[in-house]
Amino acid sequence: MQQIDQKITTIINHFNLNNYAFSKRIGVTGTTIDSIINGRLQKDGTRKKTKPGYDVLNAIINVFDINPNYLFGKSKVMLNQDLPSSPSFSSVPQVISVTSDNNENVIYVPIKARAGYLNGYADTQYIQTLPSFYMPNLAHGTFRCFEVQGHSMVSTFFDGDLVFAKYVEQLEDIKNDQIYVVISKNDGIVLKRIIDTSTTDKKLILKSDNKDGNYPDFSINIEDIMEIWHVKMFASKQIAQPVDVYDRLHELETKLVQLQDSVLKKDLKNN
């Protein structure tokens, strides 16, 4: 398998550029590209290659219209124009946000930004306008935070709740009867439980957790899916009320205390 520096060299050669011309096209110094491809000279005479950061990779992808999966070793197709038209689902998010230390941020998609996100999910400039924040406990993957809209998932989530979801890299990784944020061309952004993960019919079956009968199951075409995010945790403004069992135990506990007090008073009186 080619290393990232070899792939960048292949891109440079494909466009008939030298390292300096390539660096100018993506807006970095020639030294930066040289350290990635040839390495920095060390005191012992060896050369240590530098791994390209997010900004460099993002510039290469955007300036030369490079398939991100090619750079990350998940596709042999270098140019986006050479990719098949379907499916549109990608094994890596089209755009991510990182901290100054190259740690991935969680991008927040509020309800009011849903339409824009659907149209601009691959637009770097648009994604950069969305709020983002770093959460150290969300690691080993790319995460998004989506605001819940509507009542179709009531009993699990409520309108205005926040769900934190991890990007699904392969459709085969989808687990049956778990909750996902599915982003597709025709249905937009939906939060549903996937109850049929079979892709043989090129469809997924989605259901709502609300049992009032107003939210029937529906199918979604695999070829229409742009992103899938597996919900890992959530934050809610709803403060759960005690369940009936708790109420009854609390009532029994109160009566027991009262009974103990009554017995104690009788014993004291008899003595």
Side-chain angles (χ1 to χ4, degrees), residues 1-30 32-34 36-37 49-98 102 104 107 109 114-130 141-142 144 167-174 181-189 199 202-204 220-229:
M1 178 185 288
Q2 282 189 320
Q3 299 299 314
I4 190 71
D5 59 289
Q6 295 173 310
K7 292 181 179 181
I8 293 175
T9 300
T10 301
I11 294 171
I12 293 173
N13 293 336
H14 177 82
F15 289 97
N16 297 316
L17 299 171
N18 57 35
N19 290 357
Y20 180 77
F22 180 78
S23 68
K24 292 304 177 186
R25 289 283 298 275
I26 64 173
V28 300
T29 65
T32 298
I33 298 301
D34 187 63
I36 292 171
I37 295 174
K49 293 184 178 181
T50 304
K51 291 184 178 181
Y54 168 78
D55 291 340
V56 172
L57 293 175
N58 192 50
I60 293 172
I61 289 169
N62 290 328
V63 171
F64 295 100
D65 196 26
I66 300 299
N67 171 22
N69 286 340
Y70 169 76
L71 284 175
F72 295 112
K74 296 183 178 181
S75 173
K76 294 181 179 180
V77 181
M78 183 174 70
L79 302 177
N80 279 325
Q81 65 185 33
D82 296 331
L83 289 171
S85 57
S86 63
S88 57
F89 180 80
S90 172
S91 61
V92 292
Q94 296 293 314
V95 181
I96 62 174
S97 171
V98 297
N102 276 337
E104 284 198 30
I107 295 175
V109 185
R114 282 189 167 206
Y117 184 88
L118 184 64
N119 294 325
Y121 79 103
D123 183 342
T124 303
Q125 292 184 336
Y126 173 76
I127 295 298
Q128 288 176 344
T129 67
L130 296 176
T142 298
R144 291 275 193 276
Y167 188 78
V168 176
E169 296 183 355
Q170 304 291 337
L171 292 173
E172 293 77 12
D173 294 336
I174 296 173
V181 176
V182 182
I183 299 169
S184 67
K185 299 173 184 177
N186 295 325
D187 294 283
I189 300 175
T199 58
K202 297 184 178 181
K203 291 178 182 291
L204 293 177
I220 191 166
N221 294 325
I222 294 292
E223 63 182 15
D224 292 335
I225 295 174
M226 296 182 291
E227 294 179 347
I228 298 182
W229 302 82

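We count residues from 1, following the sequence as given. Quick caveat, the model's predicted, so the values are computed rather than measured.
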* To do: Among T9, I37, I11, find the one that has a side chain to side chain contact (heavy atoms under 4.5 Å, CB included) with F22.
  => I11
Set of side chain to side chain contact (heavy atoms under 4.5 Å, CB included) partners for [X], sequence neighbours left out:
X    : value
N62  : N58, T124
A21  : L17, N18
T142 : P93, I96, E104, R144, Y167, W229
D34  : N19, N38

Could you tell me which residues satisfy side chain to side chain donor-acceptor pair (under 3.5 Å) with [X], sequence neighbours excluded, listed by chain and number?
X    : answer
N186 : D224
S23  : none
T10  : none
T129 : none

Separation between [atom1] of [X] and [atom2] of [Y], rounded to the nearest 0.5 Å:
X    : Y    : atom1 : atom2 : result
L57  : I8   : CG    : CD1   : 6.0 Å
K202 : I222 : NZ    : CD1   : 10.0 Å
Q3   : I36  : CD    : CD1   : 13.5 Å
T32  : D55  : OG1   : CG    : 11.0 Å
E169 : F72  : CD    : CZ    : 10.5 Å
D65  : I60  : CG    : CD1   : 13.5 Å

* Stepwise side chain to side chain contact (heavy atoms under 4.5 Å, CB included) check, V109 with V181 -> CA-CA 12 Å; V109 185; V181 176; over 6 Å; no
Closest approach of [X] to [Y] (non-hydrogen atoms, all atoms of both residues):
X    : Y    : result
K185 : M226 : N-CE, 4.0 Å
I26  : A59  : O-CB, 3.7 Å
Q6   : Q2   : OE1-CA, 3.2 Å

* Asked: With sequence neighbours left out, what residues match Y70 under ring pair (Phe, Tyr, Trp, His ring centres under 6.0 Å)?
  -> none
* Residues in ring pair (Phe, Tyr, Trp, His ring centres under 6.0 Å) contact with F15, at least two apart in sequence or another chain -> F64
* With no hydrogens and no angle check, is any side-chain donor or acceptor of N67 less than 3.5 Å from a backbone partner on N69? -> yes
* Only counting residues at least two apart or in another chain, list the ones meeting salt bridge (Lys or Arg N to Asp or Glu O under 4.0 Å) with K49. => D5
* To do: Decide side chain to side chain contact (heavy atoms under 4.5 Å, CB included) for M78 and I66; before the verdict, give the C-alpha distance in whole Å, the side-chain angles of both, and the deciding distance to 0.1 Å.
  => CA-CA 6 Å; M78 183 174 70; I66 300 299; 4.1 Å; yes
* Show the numbers, then the answer: is there a side chain to side chain contact (heavy atoms under 4.5 Å, CB included) between I228 and L171? => CA-CA 8 Å; I228 298 182; L171 292 173; 3.7 Å; yes
* For the pair V182 and L204, evaluate side chain to side chain contact (heavy atoms under 4.5 Å, CB included) and give the outcome as yes or no after the intermediate values. => CA-CA 10 Å; V182 182; L204 293 177; 5.6 Å; no
* P52 side chain near I33 side chain, heavy-atom distance below 4.5 Å -> no
* Asked: So does Y54 have more than 12 non-hydrogen atoms from other groups sitting under 6.0 Å from OH?
  -> yes
